[in-house]
Chemist: 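Below you will find the structure I want to go over with you.
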Amino acid sequence: MTKQEIIAYLKGEDEKGLFARSSALRKEIFGTKIYIRGLIELSNICHCDCLYCGIRASNKSVERYSLDLEPIRAAAKWCTENGWYSVVVQSGELTNSAFTNKITEVVKIIKEESDNKIAITLSCGEQTPEVYKEWREAGADRYLLRIESSNQELFRKIHPSEISFTKRETALNTLPPLGYQTGTGVMIGLPGQTIEDLAGDLLYLSQPQFAMCGMGPYIEHSDTPLSQIPSLYTKEERVKLTLRMIALLRILRPKNNIASSTALGTLSPEARIFAMEIGANVIMPNITPKQLRGNYSLYEGKISDLDLDCFIRSGFRF
Ligand code: SAH
């Protein structure tokens, strides 16, 4: 598909045809199966000050937490008992050794508690090659690190100066040679982001080194500087764009693991199910201890409960 064709589809041209094609591929490759990954939000302590993110370092109104190892052990036990053999450990970003050693411990505990049955995806930000290697050797299988936007100019506008596009790409490129199944993703509907940018994002996401993608609508958080700048798209439009992005990525990369994100479910629970029909194959229900979920507040209204039955009622199986 050319960039021009992608742009036309993103604008809504022949949406029926697009969804028919992407649904057929989804069915052919995954049938009615949905891959479940239990999401553990390990900590909201973060040294980054991303302009869009509710848990940015300078947001003083967030109550910070970091899970102890015992609740992690309990979550791994619960997953094993319930046959959820895949978890994602996501966290605010730190690079000190207390943090990196803790992740190593967390990985080991999950493997130990599940008799090596649980596959682990880490989403703990930019780290050195040595740290990625240590986590991989401890047992981590996959790594998710979003590029956020493939437009370097836009990337620069939504991040503080110490976070650079080049560094993000360097970190991303370190992962596949270490044996990680690697995933990236973008936010959809960022202030200033255009349809051309999103088409560029799709070409970026469809590069062969990426086997997974997590992308979802951008949602304002009032404690962030970016929330002061309006998006070019209403929330309804962001939902539509997200669905078209997912469908297009399924066509560009038929076998990739593509998530139907929490952000999409926050704006529209129905769209999160519909995303499964037209291309997505992964869902990440939150399994963080309930009393802490409210503190991992990346954006406003973020949902933390997911009714899996509604997927079954729509004809899917896990
Ligand atoms: N530190 C980890 C986890 C970051 S939070 C890492 O770097 O991978 C996970 C994702 O949430 C981010 O990559 C970003 O794409 C998304 N996110 C953050 N703020 C958001 C917002 N306001 N709206 C939508 N998504 C957001």
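From a predicted model like this one, the values you see are computed outputs, not experimental measurements. Order of appearance sets the numbers: ligands from 1, and atoms from 1 within every ligand.
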Chemist: Would you mind listing which atoms of ligand 1 come within a distance below 4.0 Å of any non-hydrogen atom of Gly125?
Modeler: 2 (C), 6 (C), 7 (O), 8 (O)
Chemist: Please list the nearest protein heavy atom to atom 1 (N) of ligand 1 with its residue and the distance rounded to 0.1 Å.
Modeler: Ser91 O, 2.9 Å
Chemist: Among the clusters formed by ILVMFWY side chains lying less than 4.5 Å apart, do Ile303 and Tyr299 turn up in the same one?
Modeler: no
Chemist: Identify, with sequence neighbours excluded, every residue that meets side-chain hydrogen bond (donor to acceptor under 3.5 Å, both in side chains) alongside Asp141.
Modeler: Lys111
Chemist: Can you find a non-hydrogen atom of Gln90 under 4.0 Å from ligand 1?
Modeler: yes
Chemist: If you apply the rule side-chain contact (heavy atoms from CB on, under 4.5 Å), what do you find for Leu243 with Phe19, and how did you get there?
Modeler: CA-CA 9 Å; Leu243 291 169; Phe19 288 166; 4.1 Å; yes
Chemist: Going through the distances and angles, do Arg244 and Tyr9 end up as a side-chain contact (heavy atoms from CB on, under 4.5 Å)?
Modeler: CA-CA 7 Å; Arg244 291 175 196 151; Tyr9 279 126; over 6 Å; no
Chemist: Report the nearest protein non-hydrogen atom to atom 19 (N) of ligand 1: residue, atom name, distance rounded to 0.1 Å.
Modeler: Tyr52 CD1, 3.4 Å
Chemist: For residues 202-219, run the donor-acceptor check on the side chains, cut-off 3.5 Å, and write out each pair with its distance to 0.1 Å, sequence neighbours left out.
Modeler:
residue : atom : partner : partner atom : Å
Tyr204  : OH   : Glu169  : OE2          : 2.8
Ser206  : OG   : Leu202  : O            : 3.0
Ser206  : OG   : Leu203  : O            : 3.0
Gln207  : NE2  : Tyr204  : O            : 2.9

Chemist: Any idea which atoms of ligand 1 are less than 4.0 Å away from a heavy-atom of Ile219?
Modeler: 21 (C), 22 (N), 23 (N), 24 (C)
Chemist: Distance under 4.0 Å to a non-hydrogen atom of Ser123: what atoms of ligand 1 satisfy this?
Modeler: 2 (C), 3 (C), 8 (O)
Chemist: So among Lys302, Lys290, Arg293, which one has a salt bridge (Lys or Arg N to Asp or Glu O under 4.0 Å) with Glu41?
Modeler: Lys302
Chemist: How are the rings of Tyr143 and Trp135 set to each other: parallel, tilted or perpendicular (split at 30° and 60°)?
Modeler: parallel
Chemist: Relative to the heavy atoms of Arg146, which atoms of ligand 1 are at a distance of less than 4.0 Å?
Modeler: 13 (O), 14 (C), 15 (O), 16 (C)
Chemist: Which of the atoms of ligand 1 are close to Pro217, meaning less than 4.0 Å from one of its heavy atoms?
Modeler: 24 (C)
Chemist: Say whether Val89 and Ile36 are linked into one hydrophobic cluster, either directly or through other cluster members, by side-chain heavy-atom distances under 4.5 angstrom.
Modeler: yes
Chemist: Are side-chain heavy atoms of Phe318 and Ile283 found at a separation under 4.5 Å?
Modeler: yes
Chemist: Would you say ligand 1 has an N or O under 3.5 Å from any N or O of Glu93?
Modeler: yes
Chemist: Going by the order shown, which atoms of ligand 1 are within less than 4.0 Å of some heavy atom of Tyr218?
Modeler: 22 (N), 23 (N), 24 (C)
Chemist: Looking only at protein heavy atoms, identify the closest one to atom 12 (C) of ligand 1 and say how far it is in Å.
Modeler: Glu148 OE2, 3.4 Å
Chemist: Give me the nearest non-hydrogen protein atom to atom 26 (C) of ligand 1 as residue plus atom name, then the distance to 0.1 Å.
Modeler: Met187 SD, 3.5 Å
Chemist: Give the residue, atom name and distance (to 0.1 Å) of the protein heavy atom nearest atom 11 (O) of ligand 1.
Modeler: Leu298 CD1, 3.5 Å
